[in-house]
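These notes concern the structure reproduced below.
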Amino acid sequence: MIEISDITKTYVDGPLRFQALRGVSFSIDDGEFVAIMGPSGSGKSTLMHILGCLDTPTSGAYALDGRDVSELDDDELARIRCEKIGFVFQAFNLLPRATVMRNVALPLVYADVPAEEREARARKALKAAGLDEAHYAHLSNQLSGGQIQRVAIARALVNDPSLILADEPTGNLDTKTGEVVLGTFQKLNQEQGRTIVLITHESDVAEHARRIIHVRDGRVIEDSKSHTRRIIHHENN
Ligand SMILES: Nc1ncnc2c1ncn2[C@@H]1O[C@H](COP(=O)(O)OP(=O)(O)O)[C@@H](O)[C@H]1O
Ligand SMILES: [Mg+2]
């Protein structure tokens, strides 16, 4: 599904240049649950923006479902984001004056889905994200942090994306609430086969994934998948 090779990203700010990614390569298959883990400033959010087609690399190649992302124009990129990818951010980004239902249905407004269908799909997404129906008419200031994050997950699911990109989704949650949210991602992966890329700086969060890609200073320093491969290779010899 995702194949990046030798991706670099240099931010240019006036005379300043900062290389946030220094040659990152990996591939992620359909149905994987991968954590990208590294300390603050290691380039995780930069990488997620590139994977989510929200930003472009300075050099290197990115193929999403076999298509070279650099060859797509803005409309095609917008369509891919809308059809294939669900985003969950640490800061939730909900509209404060809109109800839960409206927040979740909003991406469907942009996708020109008819009004009757929007509510049905929003309900389905909220159910999959595990939010109790009693909250559907609430505003975000009437919800707890964990409930808000469930709304954000539902909003990411409402377009039925095959890929979910979550950037520090438990960063603002207490440990117990974070566990529940991570359990929701595991369920979405195991039961619905969605590909999940979970970005975190915490190893106990990353351990909820089935594969961990460690990044540091803009580079991959370890990938639990290639580890496994190496071990298997050893045993065969
Ligand atoms: N728009 C930007 N302009 C300049 N530097 C940036 C920009 N965005 C991020 N950076 C720098 O790139 C590095 C990686 O940032 P980021 O991808 O946000 O890391 P992480 O998500 O792992 O904390 C940091 O040193 C950060 O300061
Ligand atoms: Mg970040």
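Order of appearance sets the numbers: ligands from 1, and atoms from 1 within every ligand.
- The closest side-chain donor-acceptor pair between Thr8 and Thr58, if any, does not fall under 3.5 angstrom.
- Ranking the protein heavy atoms by distance from atom 5 (N) of ligand 1 puts Tyr11 CD1, 3.5 Å first.
- The shortest heavy-atom distance from Gly43 to ligand 1 is under 4.0 Å.
- Considering NE2 of His201 and CE of Met37, their distance stands at 10.0 Å, rounded to 0.5 Å.
- Of all atoms in ligand 1, numbered sequentially from 1 with element shown, those under 4.0 Å from a heavy atom of Ser40 are 23 (O).
- When only non-hydrogen protein atoms are considered, atom 17 (O) of ligand 1 lies nearest to Thr46 OG1, 2.5 Å.
- Proximity to Pro39 (heavy-atom distance under 4.0 Å) selects the following atoms of ligand 1: 22 (O).
- Side-chain contact of Glu179 with His208: a donor-acceptor pair under 3.5 Å is present, judged by distance alone.
- Some N or O of Gly41 is nearer than 3.5 Å to an N or O of ligand 1, by distance alone.
- Checked by atom type and distance alone, the side chain of Arg118 never pairs as donor or acceptor with a backbone atom of Leu108 at under 3.5 Å.
- For ligand 1, the atoms closer than 4.0 angstrom to any heavy atom of Ser45 are 17 (O), 18 (O), 20 (P), 21 (O).
- Nearest non-hydrogen protein atom to atom 13 (C) of ligand 1 is Phe18 CE2, 3.4 Å.
- If you take OG on Ser42 and CG on Leu21, they are separated by 9.0 Å, rounding to the nearest 0.5 Å.
- Side-chain atoms of Thr195 come within 3.5 Å of backbone N or O of Gly31 as a donor-acceptor pair.
- Among the atoms of Met48, no N, O or S atom falls under 2.8 Å of the Mg ion (ligand 2).
- Residues Asp29 and Lys225 are paired through a salt bridge, judged by an N-O separation under 4.0 Å between the basic side chain and the carboxylate.
- Inside a 4.0 Å radius of atom 26 (C) of ligand 1 there is not any protein heavy atom.
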